[in-house]
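Labels below follow one simple rule: chain letters A, B, ... track the order of the sequence lines, proteins then strands, and each chain is numbered from 1.
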Protein chains: 2
Amino acid sequence: MLDPRRLRLLDDLSRLGTIAAVAQLRGYTASAVSQQLATLEREAGIPLLERTGRRVRLTDAGAALAAATDDVLLALEQAEASVLAARGTAVGTVRIGAFPTAVRTLLPTALARLAERHPGLRLHVVELDPADVPAALRDDRVDIGLVQDYDVVPRAAARGIQSAPLLEEAVHLATRGRAARTVADVRDEPWILAGPGTLCRAAAVHLCRAAGYEPVTRHVVDDFATVLALVAAGQGVAIVPQLAAVDVPPPVRLDPVGTTRRTRVAHRAGAGRRPEIRAFVDVLRAVAEELPHA
Amino acid sequence: MLDPRRLRLLDDLSRLGTIAAVAQLRGYTASAVSQQLATLEREAGIPLLERTGRRVRLTDAGAALAAATDDVLLALEQAEASVLAARGTAVGTVRIGAFPTAVRTLLPTALARLAERHPGLRLHVVELDPADVPAALRDDRVDIGLVQDYDVVPRAAARGIQSAPLLEEAVHLATRGRAARTVADVRDEPWILAGPGTLCRAAAVHLCRAAGYEPVTRHVVDDFATVLALVAAGQGVAIVPQLAAVDVPPPVRLDPVGTTRRTRVAHRAGAGRRPEIRAFVDVLRAVAEELPHA
DNA sequence: GATCGAGCATCAGCACACCTTACGGCTACC
DNA sequence: GGTAGCCGTAAGGTGTGCTGATGCTCGATC
């Protein structure tokens, strides 16, 4: 029988690319990982790794085995969830990965309510961009994550990840001035965009392209409060979701762009039956329901 | 992460009932199994086993975990199959569980053809009643098994087992004499039945009951050649499938009873991609296709 | 083009996990 | 009430898996 711990190392390697990174992720030395993978390779009877330069690459067989590993880890986590479900009460630590806006708006209420209902539960919040959530869930760095998709940017279905809808907000164009403006109207204005690789940036760029132009980037800022301050200072235009539209500085004007942003709460498929995961998801959905959202 | 080896012991226990039996199956001492299960229980954090008298019984949590284990073992075997598939050639040992009739008719040709096509393959045949095949597959005592169902006796779908149709034969009533007879006609004759728990016996009993009577058992014999000899000796009547109807002694008359027996080749779902399993199944189906069957 | 650093493999050593043997307690059955 | 079957615990030996040190190769840098 193949050892799932070794399989997991191979699976990690298929995503991270280097043995050193796998070692760091799992808290081992590179030596240990190297030895374990060598053992796995000997058991398999065929080369799984290919030494290429000073790095290492998976062979076809290695990639196939890494792919098959996902099912093993899923089944194992489901088995663990079944004992936790049998144990009943929601105890232990749950690690949540969420984006800043949610941390300020949704989470405070949710955390308070959870602490009240489940005193034994310890909650650990990690600020995490939605784009990094699937990888963080897979690597077991968080148990729950908030993901997003704009209806203009389709979300890739992540294998082994389950999610439930949380809320749906309108997206606004933030400008300075009195007149209502559309994305097409501000083609000559500089833009304030989020960092590369983020969904917010992708959505903004997509909207501009749909309006027939490429946005000129002046500032790169992730935090929406800062974004609004910059817009107020006349530094450019930006798009912001409804949730971020609190304490809008007076000179800033918000006009809906006809796009919605959906937020979902995600977890590893195998963890779905864990009581603490269920409790957290339930509370989060209840809190989102109560929120005033357009 | 839960250790799949420990999980497998729990899964075995859920079917075998005693720790001693699990130990014997896996080649351990009972002490080792007891210790491993105790460790699993400590990791789970809830009682999995309940000491009842001098035996042991699974708690609800234990049964749930044992059920979840099936998916783990399936995924693990699939992972192993993926490396064997990557290695390509059909080598190693394949253990086949088959009923005597098939061993005499189907297997000789199939084994010869396999030896010719895959010289590296070692084949191990175990005589096994179809009723025991699912358990033997699950316990990893065989890799391939021949199962049967009569259309009057529905086959229970076994979880984690895959099967493919092999052949379909007519079933005959064996009597001594010249006149064609039906099952209803021989209600006053003594019957020669197969051993308790076998499908053949169940099918015969079912046919009699459908004809409105309970068969009177005179002899209990599994081997069809012996059965036919006894019928020839005027010791009673019996039903035999087409495959067994070779070298029928002269005084014996065979009349179809309108029932068919289906034979299928089965293997663990996770082993489906193993090249040696595929090769064996393919050859077996080809041989069955060539066979003259009504 | 020489130097340095990153990444991986190998080796020795140590701690721990796992299995066996031996033993005792308990229960069901004769 | 004796006995055999079944399970759990204790002690001990063996192997596995980790760390730390060392050496190697390749790629980037000045």
Side-chain angles (χ1 to χ4, degrees), chain A residues 1-59 61-63 65-66 69 72-73 76 80 139-140, chain B residues 1-59 61-63 65-66 69 72 76 80 140:
Chain A
M1 182 160 42
L2 295 172
D3 186 338
R5 294 174 56 240
R6 290 199 256 260
L7 289 176
R8 184 168 67 170
L9 294 179
L10 185 72
D11 191 41
D12 291 338
L13 181 62
S14 76
R15 281 195 302 280
L16 297 178
T18 77
I19 290 181
V22 174
Q24 191 185 5
L25 173 65
R26 296 300 170 193
Y28 291 149
T29 59
S31 170
V33 175
S34 177
Q35 290 179 55
Q36 291 305 311
L37 289 176
T39 303
L40 182 63
E41 205 163 9
R42 199 175 53 246
E43 285 175 347
I46 39 169
L48 301 174
L49 280 61
E50 204 175 14
R51 280 75 190 168
T52 157
R54 63 180 177 183
R55 295 171 72 91
V56 81
R57 220 169 52 86
L58 290 189
T59 63
L65 188 54
T69 297
V72 175
L73 298 179
L76 270 174
E80 281 178 70
D139 291 347
D140 198 24
Chain B
M1 181 160 44
L2 296 173
D3 186 339
R5 293 174 59 237
R6 290 199 255 261
L7 289 175
R8 184 169 66 170
L9 294 178
L10 184 73
D11 192 41
D12 292 337
L13 181 62
S14 76
R15 281 195 303 278
L16 298 177
T18 77
I19 289 181
V22 175
Q24 192 185 4
L25 173 65
R26 296 300 171 192
Y28 291 149
T29 60
S31 171
V33 175
S34 177
Q35 289 178 54
Q36 291 305 311
L37 289 176
T39 304
L40 182 61
E41 205 162 11
R42 199 174 55 245
E43 285 175 347
I46 39 169
L48 302 173
L49 278 60
E50 203 174 15
R51 281 74 191 166
T52 157
R54 66 178 174 184
R55 297 171 69 93
V56 81
R57 219 170 53 85
L58 290 189
T59 61
L65 188 53
T69 298
V72 176
L76 269 174
E80 281 178 70
D140 199 24

Review point. Under 3.5 Å, is there a donor-acceptor pair between the side chain of A/Glu43 and the main chain of A/Leu2?
Key: no
Exercise for review: Just compare D/dT19, D/dG8, C/dC8 and give me whichever is closest to any side-chain atom of A/Ser31.
Suggested key: D/dT19
Practice item. Spell out, as yes or no, whether a donor-acceptor pair under 3.5 Å connects the side chain of B/Ser14 to the backbone of B/Ala66. Key: no
Check your understanding: Looking across every strand, which nucleic acid part, if any, lies under 4.0 Å from B/Arg6 by heavy atom: base, sugar-phosphate, or nothing?
Key -> sugar-phosphate
Check your understanding: If you check every side-chain atom of B/Tyr28, which of C/dT20, D/dG8, D/dT19 has the closest atom?
Key -> C/dT20
Exercise for review: With heavy atoms under 4.0 Å as the rule, sort B/Ala30 into base, sugar-phosphate or nothing.
Suggested key: nothing
Practice item. Answer yes or no: does a side-chain N or O of B/Ser34 lie under 4.0 Å from OP1 or OP2 of D/dC7? Key: no
Check your understanding: Rounding to a whole Å, what distance do you find between A/Leu40:CG and D/dT16:P?
Key -> 15 Å
Review point. Whole Å only: how far is the CZ atom of B/Arg55 from the P atom of D/dC6?
Key: 8 Å
Check your understanding: Considering only C/dC19, D/dT19, C/dC8, which nucleotide approaches the side chain of A/Arg51 most closely?
Key -> C/dC8
Exercise for review: Establish, from distance only, whether the side-chain atoms of A/Ser31 and A/Gln35 form a donor-acceptor pair under 3.5 Å.
Suggested key: yes
Check your understanding: Between A/Leu37 (CG) and D/dC18 (P), how many Å, whole number?
Key -> 11 Å
**Study point:** 5' priority, DNA chain D, between A/Thr52 and A/Thr29 [closest heavy atom]
**Key:** A/Thr29
Review point. How many Å lie between CD on B/Glu50 and C1' on D/dC7, as a whole number?
Key: 15 Å
Review point. For atom CD of B/Glu50, is the number of surrounding heavy atoms from other residues, nucleotides or ligands below 6.0 Å larger than 12?
Key: yes
Review point. Atom CZ of B/Arg57 and atom P of C/dT27: how far apart are they, to the nearest Å?
Key: 16 Å
Exercise for review: Mind calculating the distance between CD (A/Gln36) and C1' (C/dC8) to the nearest angstrom?
Suggested key: 15 Å
Practice item. Rounded off to whole Å, could you give me the CZ-to-P distance for the B/Arg26 and C/dT20 pair? Key: 14 Å
Check your understanding: Do the side-chain N or O atoms of A/Arg5 get closer than 4.0 angstrom to the phosphate oxygens (OP1, OP2) of D/dC18?
Key -> yes
Exercise for review: Specify the residue among A/Val56 and A/Gln35 whose closest nucleotide of DNA chain C lies further upstream toward the 5′ end.
Suggested key: A/Val56
Exercise for review: From the options B/Arg5, B/Gln36, B/Arg8, select the one residue that forms a side chain to side chain contact (heavy atoms under 4.5 Å, CB included) with B/Arg26.
Suggested key: B/Arg8
Practice item. Would you mind classifying the nucleic acid contact of A/Thr18 as base, sugar-phosphate or nothing, using non-hydrogen atoms under 4.0 angstrom? Key: sugar-phosphate
Point to revise | Nucleotide C/dT10, atom P - distance to CD1 of A/Ile19 in whole Å | key: 11 Å
